Each structure stands twice: as C-alpha cells, then as structure tokens.
Amino acid sequence: MTDRAYRLGVDIGGTFTDLVLAAPDGALHTHKLLSTPDDYGEGIRDGAAALLGELGLEPAAVGRVVHGTTVATNAVLEGKGALTGLVTTKGFRDVLEMRRLRIPEMYTLNYRRTDPLVPRRLRLEADERMGPEGQVWQPLDPASVEAAAGRLAAAGVEAVAVCLLHAYANADHERQVAAILRERLGSDVFLTCSSDLLPVIREYERTSTTVINAYLGPMIRGYLGRLREHLHGIGVTAPILVMKSDGGIMSAAAAAEKPAYIVESGPAAGVIGAAHTGARDGMADCISLDMGGTTAKASIVEAGAVARTGDYEVGAGINLSSKLVMGGGHALKLPVIDISEIGAGGGSLVRVDAGGLVRVGPESAGAVPGPVAYRQGGTEPTFCDAVLTLGWLNPDYLVGGGLAIDAEAAAQAVGERIAAVLGRDVLDAAHGILEVACGTMMRAVKAVSTYRGRDPRDFALFAFGGNGPVVAAAIADLLEMTTVVVPPNPGVFSAYGLLLSDIEQEAARSHLALLADTGPAALDALFRELEAGLAADMAAEGYGAGGYAVRRLAELRYEGQAHELAVPVANGPDGLPDTAAMAAAFGDEHERTYGHRADAEAVESVTLRAVATVAVEKPAPQPKPGATVSASTRPAFFGAPAGRRTVPVVAREGLGAGPRNGPLIVEEYDATCVVPPGWTARLDAAQNIVLEKGSVA
C-alpha cells in the first residue's frame, strides 16, 4: 500500500454495516447502511460503492480494506458451521463432553450444556500415545487412522480437527494422522491440527479450540472469498485484512486458515479505538461501551492498555466476561480482548413476561425485519421504538435522514404491547423499558470492572455505537460514574477502530516449569525458537526482518494454581529475560485481578508467547463533513421527577468548550447523544463530547 492510498474500514453488525474511508491526509468519510444478512458482502459492496461515488474516487484509490465481522461467533451461536469430525487419542473422544467442572447456573438442577460442535459418532480415535515430554509411549497405528478416515468420508464431513494427547510436546503423530486424512479425504476437506494452531497444555481447551477452528474453516473461507468477489466487482482489488479477537489484524488468507482467531473480530475494533483515542486525549483510564442494534459490549482500558484474556468461551449466548461465570460455551484458548457482551441493543425485542416483568432482549429484530419504526415488517416493539417514543431520537434524521422512520407506529406498538398490558401511560412504559435495558447493560460494565476488582467510578465511560451515546449518561448514573466521553463519528467508531489496529502474528508454546528453575538464558533460548517460527509466518505475510517489532509475553501462575495471568517479559541489563521482574509483574497483576498476592509462593510459567507487530499509521478522527443539524427544540420525556421537557437539539459543532447544562440532545449523522438533567456537555480540543455529572450556574 502506498502512502497516498485510501484505507477502508468495514464493520458488520447484526443491524447495520458501517464503513469509514480514511484519506491520505487523515480526513475520514463515513457511511452507514442496513446489513444484508443473506450475504453481508453485498452490503459492504454497496456501501463502498456509495462512498467512492460520493467522493468521486476511483476504486484503485483504496489501498487496504480492514474488516471486522461477527459471522464467526454467529456461526457458532446458531450452529451453522461445517459438519466436522475429530480424530483424537484412543480413550479421549469424550473430552468435549466432559469439559471442566463448571456450571454457569449452579442452582438450576435441569441446566443443559450446549452440545459439542462435533457429534459423538464423528469423534474417532487414533491408537497412539505420547508422553507429556514428547516421548513416544506407543507408536501410531496407521490402520486406526485409516478406519477413522473411512468413517469420516462416509459421513461426508467438511472439516476435521486433529488433536492428540500431548501433541504440544511432540507433533509427529499429528502430522502422520494429517497426511493420512489428507490422502483419503482430499484437499476440499478443511483440516486443522492442534500442534499448528495451539501447541499448549490442557487437553479440553486445546481440543475445543482446534474443533472451533475446523468448524468455522469452510464457512469463513467461503465468506472471505465472496467478499473479495464483491469488492472486485466494483473494482476494489486492495488486500483485505481481518480484525483478530485480540485487537490485531491479519491477512484474509491467514484468517481463512485460522478462523478461530477472529471469533470476536467485530467487538474488538471499538475497544482498540477507545484505547487509542482515550490515551491520546488524556483519558487513558476508560471503560468502553459499544451499544449497537443487537448487543451492548463493554471492556476496560487501563493506562491506555487493553485488557486481554486467554480464558474465553463462545456459543453460550450472553458473555459476562467473568471467570466466575463459565462453563456454558465452548472453550477458546486464544488471546481475546476481555469483552463483556449483553443482548441489549437498539433492535432488542421488548416483552412482558408471565410474571408481569418487562424484558428487553436478548432476542433481536436485527436488520430484517428490524424495529417497528423501520417499517420493514417488524411488529414487536424494540428498545429503539421505546426511545423514539420518549422523543430522544429524531425520526427524520437517523443515519442523516437516510433511514425512513415511523415514530407513530413505534409509539403504537409500545402502547399496545407493553403499556396496555402493564396498565401504564405509554411514556412511563417507554421510560421503564429504557431503565430495564440500562440495568442490563450496567451488568456488562460491572463485569469488566467491579467483578475484576476495579471501581468504575475511577474511569470515564467511553460511549459509541449507534445507541451508546443515547444511554451512556443513564448507565453512568447507575454506576456513580461522573464522566462520559462520546468520540467523533460514534455510530461508526468500530469501523474507525479497524484503521487503528496494527498487523500482528503470534506464536505460542507450553513451558511448564518454575521460573527459578528455568533461568534467564534457557528462557531466552525458548523465546528465540518461538521467534524463528514467527519470522517465517511474517515472511509469508510479506514482512522481512526489521519490518516488525517483537514483544514477549509469559503466562504465569503461583505453583499449584489452576489458571494463569499474562505479563510482559522485561529484559535485564544483560539482555536476557529478568525472571525476578516477571515474578513481580505477575504479583502486581494477581493483586489487581484477585485483590491479593502471595510473594512467598514460587511462580511458574505455563505458556510463552511471542507477538510480532507491524505498526500502521493512525488517522485522526473528525466529525463527518457535510450537512449538519440546525439548532431546534423538541419535547422529550425523562421520567420522574424531570418529566416531559422541551429540549434544545444541536449539532456536535453547536457545543462549545464551556459546559452546557442538560437536558440537551446532540444529533449527528450516525448517532444521537442524550444529555439528561443533572449533566453538562462540552466539546474538547479533539472534538469529543464530554459529559460530566453536575450543573453549572
């Protein structure tokens, strides 16, 4: 990509597809349209064509496309991945059933776990055995693999995962199994070996992660291939990069081979944007709140650093991002930005349950049929319909006026389906829906802060997404937070975050040993082996030595613990890893996470990681140029005691550097920011809207 090329960020959500085009001079141009769930590539194509046409640009002007998507996690949630087989060591076919002794709902006697992604009839055994240090205890019997291959071929599997016991220590048997399967099943079957994807200890997590990769492989290959065809169809032939779950980006070719790395691709981009923007603008400690059309997501940023975790689950529905609430999904033992996700978005369906309680989500109207107000066939009221009824949204200016809205139909649906059932006034019912949704979203924020030993009052709430700025102050009130920040282009901020992400590849290996026993020189040698393999991966991506930076991470624990925490590896004066500093850093992180430390206990390493990073140029955000909202007023309802008020409505640029009292509504192309009574709003030097608790005389 040349320095004069444009960069296109594309983020797909359940309701909207967002695009941000960054010009060589840093100027940003945005576009938002309804997603096309039958083929998401069609929406991307149409949005890109519209942006290029609006600016009078030739398709060749685009030098890079960076994509964030939820199609991988949705495929797991909806059970729409490939028919997948598993070949594992004799005696271990039921690892996916046995899992870990974790139940997310301890007192639900009839709780049912999610079914494994591979049915038992397709979990087959290879007769072999490796020892934990890679010693061959029993040679591989090729006949057992031939028999398994025959059964898999007869079943018509589209993908196969290979995960043998202790393959992280010696991959020889896995390679032999893969060769036999490839010969018998052909090249069309997607094949994943655990030793290639995740050569680390823990049989269940390694097996589950390998299965997830195989399960997603054919679908992601097809998805990225169709996306490439759609873009080529309008003349955009630029390389496609895909956001990873840990916030880095990788080539589409690499993502097609390792789709497990992009399971949380969509939500990660917004957190990267919040971390970069917050650090740049003096808000390095913040909690991101991304509320779109389908879900609300939260993540914590401390001192400008994104929180990541290696203990993650996919397929359990709502993810509260807490190690105390696990066991409902499929383990994914790969680095993931620590994100809490709740099924509460603009399209979340609202209902009154059998007990007379109002429920908001997790079911969503999505892009089709969408909220009642969208007039595309939706009949059930949604959160969006409730907020329209309150007067918080302008029915004539959603997506800059590009989305037709029927506010009367929204109010009628809320009145008939909710207010009438509750025997309440329609405005009271609509405000009650808002309060229920905010209470649910508050859990997402607490999951990444309070549940992790952090006080949310010490952080700013960084709100974006189409609906994040609408509810941010209300959620901050519930948590006693006093500052809310709304960046420019909030409705497409995740697409902007894609353009801030660095290109990354990583390599990992298990190393279970006490730090004191390993020693700096031996540890350095292990990392150098990792980095040699990483250099080959980067060369395949087109980056030679000197074209990227490498950082080292170690996952450590106190001796005897079941779980570990990742810390950076610092070098001492001799240029070798400083094991004492590593142990101290682990103690600090343990205290931050769990509230205590045990410095007298020995620290042991579990996994070593090396990450190669190619830094990309970061464009500065700017509000969308063009038509803006004229200052006006409209009635809006804020519940007791404020009630119904006539509220000033202004554009972002209508705010000044001095604080302005709420109630106030700030409207722009892609989002609406609501400043309720008791809050002030101002514009800072970077064009962020800053809401602060309190009033000015």
Side-chain angles (χ1 to χ4, degrees), residues 13 15-16 18 30 32-34 270 289-293 296 344-348 370-371 373-374 382-407 410-411 430-431 433-434 437-438 441 461-476 484-494 623-624 626-639 645-655 660 662-677 679-683 687-691:
T15 306
F16 286 100
D18 303 332
T30 67
K32 194 177 186 78
L33 70 162
L34 288 173
L289 174 68
D290 176 6
M291 182 183 180
S348 292
Y374 287 8
T382 66
F383 175 84
C384 176
D385 295 312
V387 178
L388 273 164
T389 301
L390 293 173
W392 288 20
L393 299 180
N394 183 348
D396 299 322
Y397 199 69
L398 284 191
V399 195
L403 182 61
I405 293 295
D406 189 340
H431 197 267
I433 292 169
L434 171 76
C438 288
M441 287 181 277
L461 189 62
F462 197 98
F464 53 94
N467 293 293
V470 174
V471 300
I475 294 172
V484 171
V485 180
V486 180
N489 305 309
V492 295
F493 188 75
S494 288
K624 180 179 174 65
T628 55
V629 182
S630 300
S632 62
T633 62
R634 72 166 174 267
F637 185 76
F638 293 94
R645 300 271 194 96
T646 298
V647 179
V649 180
V650 300
R652 180 181 290 257
E653 55 268 33
L655 291 174
R660 183 168 174 177
L664 176 70
I665 294 175
V666 184
E667 284 182 359
E668 47 195 327
Y669 166 76
D670 53 359
T672 299
C673 176
V674 176
V675 186
W679 285 79
T680 65
R682 61 180 175 85
L683 210 58
Q687 301 298 297
N688 298 302
I689 301 173
V690 180
L691 281 65

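Given the structure is predicted, the values throughout are model-derived calculations rather than measurements. By convention here, the first residue in the shown sequence is residue 1.
- In plain terms, the two heavy atoms of Met291 and Gly346 that are nearest each other are CE-N, 4.0 Å.
- Here the CD-CD distance, from Gln687 to Glu653, works out to 8.5 Å after rounding to the nearest 0.5 Å.
- Between Val675 and Thr680, the closest side-chain pair of non-hydrogen atoms is not below 4.5 Å.
- Residues satisfying the salt bridge (charged side-chain N to carboxylate O under 4.0 Å, His left out) criterion with Asp385, sequence neighbours excluded, are absent altogether.
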Point to revise | Val470 vs Val387, side-chain contact (heavy atoms from CB on, under 4.5 Å): CA-CA, chis, key distance, verdict | key: CA-CA 9 Å; Val470 174; Val387 178; 3.9 Å; yes

(message) Let's go through Phe638 and Trp392 carefully: what are the C-alpha distance in whole Å and the side-chain angles of both, what is the deciding distance for ring-ring contact (aromatic ring centres under 6.0 Å, His included) to 0.1 Å, and is it a yes or a no?
(response) CA-CA 9 Å; Phe638 293 94; Trp392 288 20; 5.4 Å; yes

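- Shortest non-hydrogen contact noted between Ala474 and Cys438 is CB-SG, 3.8 Å.
- Not one N or O on the side chain of Lys32 forms a donor-acceptor pair closer than 3.5 Å with the backbone of Phe16.
- The two atoms that bring Val484 and Ala463 nearest to each other are CG1-CB, 4.4 Å, heavy atoms only.
- The ring-ring contact (aromatic ring centres under 6.0 Å, His included) test applied to Phe462 returns Phe493, not counting sequence neighbours.
- When side chains are defined from C-beta on, Arg660 counts as touching Pro648, because their heavy atoms get closer than 4.5 Å.
- The minimum heavy-atom distance linking Ile689 with Ala681 is given by the pair CG2-CB, 4.4 Å.
- With sequence neighbours excluded, the residues that form a side-chain contact (heavy atoms from CB on, under 4.5 Å) with Ala430 are Ala386, Thr389, Leu390, Val414.
- Side-chain contact between Leu691 and Cys673: present, with at least one pair of heavy atoms (C-beta onward) separated by less than 4.5 Å.
- With sequence neighbours excluded, no residue forms a side chain to side chain donor-acceptor pair (under 3.5 Å) with Asn467.
- Residues Pro371 and Thr382 come closest through the heavy atom pair CB-OG1, 3.2 Å.
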Exercise. Run the side-chain contact (heavy atoms from CB on, under 4.5 Å) check on Thr672 and Val666 step by step: do they pass?
Worked result: CA-CA 6 Å; Thr672 299; Val666 184; over 6 Å; no

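- Looking at residues two or more places apart in sequence or on another chain, you find a side chain to side chain donor-acceptor pair (under 3.5 Å) between Ser494 and Asp290.
- Side chains of Leu664 and Val650 form a contact here, defined as non-hydrogen atoms less than 4.5 Å apart.
- A 4.5 Å side-chain heavy-atom check between Ile475 and Leu289 finds at least one atom pair inside the cut-off.
- With sequence neighbours excluded, no residue forms a side chain to side chain donor-acceptor pair (under 3.5 Å) with Ser348.
- Residues passing the side chain to side chain donor-acceptor pair (under 3.5 Å) test with Trp679, sequence neighbours excluded: Asp477.
- At a threshold of 4.5 Å between non-hydrogen side-chain atoms, the residues Asp670 and Asn489 count as touching.
- In plain terms, the two heavy atoms of Pro487 and Arg652 that are nearest each other are O-NH2, 2.7 Å.
- Inter-residue side-chain proximity for Leu388 and Pro395 is flagged as met; some heavy-atom pair is nearer than 4.5 Å.
- With sequence neighbours excluded, the residues that form a side-chain contact (heavy atoms from CB on, under 4.5 Å) with Arg682 are Asp684, Val690, Glu692.
- Contact check for Val486 versus Asn688: no side-chain heavy atoms found under the 4.5 Å cut-off.
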